[in-house]
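Heads up: the structure comes next, in structure tokens.
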Amino acid sequence: MSFPLMVIIAVGLPLLIFIFRTFDHLVKAEYEINRNAWEADGRPRGFFWNAPECTFFRSDWARNRLHFFWLFNTPSWATACSECQTWLIHYRISISVWILLIVAVFLTLTSN
């Protein structure tokens with residue numbers, strides 16, 4: 001097994017699971033704190049958490065859109081919740097580390 005593959009498995013996989021769980025916390029918080037905002041966002045589902053009102057196509061589409069949108073924008077409902085702000089920070093840092101990890105692995109593989 002090559003070193004870059006071991007890094008992805010040892011570091012990347014747990015990091016990816018952490019990213020998904022953090023995103024789930026945010027979606028569930030939006031659902032519980034501001035149901036109107038959750039519905040306006042398209043009733044997104046999490047990666048591991050789903051509200052009963054979620055639908056297959058629309059909720060997945062909303063999740064994919066928010067997964068990118070929340071990297072650069074803080075939703076208004078989250079500004080009143082310190083726990084949500086912390087999750088957003090962890091989410092953004094984790095995504096940044098994930099991207100750096102993928103780039104580093106790619107550069108390692110292409111330099112050989």
Any idea which heavy atoms bring [X] and [Y] closest together, and the distance?
X: W38; Y: P44; value: NE1-O, 3.0 Å
X: Q85; Y: A78; value: CG-O, 3.4 Å
X: C54; Y: R45; value: SG-CB, 3.6 Å
X: P75; Y: L88; value: CD-CD1, 4.0 Å
X: W49; Y: D24; value: N-OD2, 3.0 Å

Can you hop from [X] to [Y] via hydrophobic side chains spaced under 4.5 Å?
X: I19; Y: I99; answer: yes
X: L66; Y: F68; answer: yes
X: L107; Y: L100; answer: no
X: L26; Y: I93; answer: yes
X: F20; Y: F69; answer: yes

- Chi angles and distances behind the side chain to side chain contact (heavy atoms under 4.5 Å, CB included) call for L16, F47: CA-CA 11 Å; L16 200 56; F47 290 92; over 6 Å; no
- Query: Can you list every salt bridge (Lys or Arg N to Asp or Glu O under 4.0 Å) pair that touches residues 64-90, not counting sequence neighbours?
  - Reply: D41-R65
Side chains of [X] and [Y], heavy atoms from C-beta outward: is any pair under 4.5 Å?
X: F18; Y: T22; result: yes
X: I95; Y: W70; result: no
X: C84; Y: I33; result: yes

- Item | Enclosure of F48 CZ (heavy-atom neighbours >12, cutoff 6.0 Å) | yes
- Query: Can you list every pair that meets side-chain hydrogen bond (donor to acceptor under 3.5 Å, both in side chains) and has a residue in residues 92-101, with sequence neighbours left out?
  - Reply: T74-R92
Whether [X] side chain and [Y] backbone form a donor-acceptor pair below 3.5 Å:
X: S59; Y: F56; answer: no
X: R63; Y: G46; answer: yes
X: R43; Y: E39; answer: no

- Partners meeting side chain to side chain donor-acceptor pair (under 3.5 Å) with W77 (sequence neighbours left out): E30
- Give me the one residue out of R21, H67, H25 that meets side-chain hydrogen bond (donor to acceptor under 3.5 Å, both in side chains) with Y91. H67
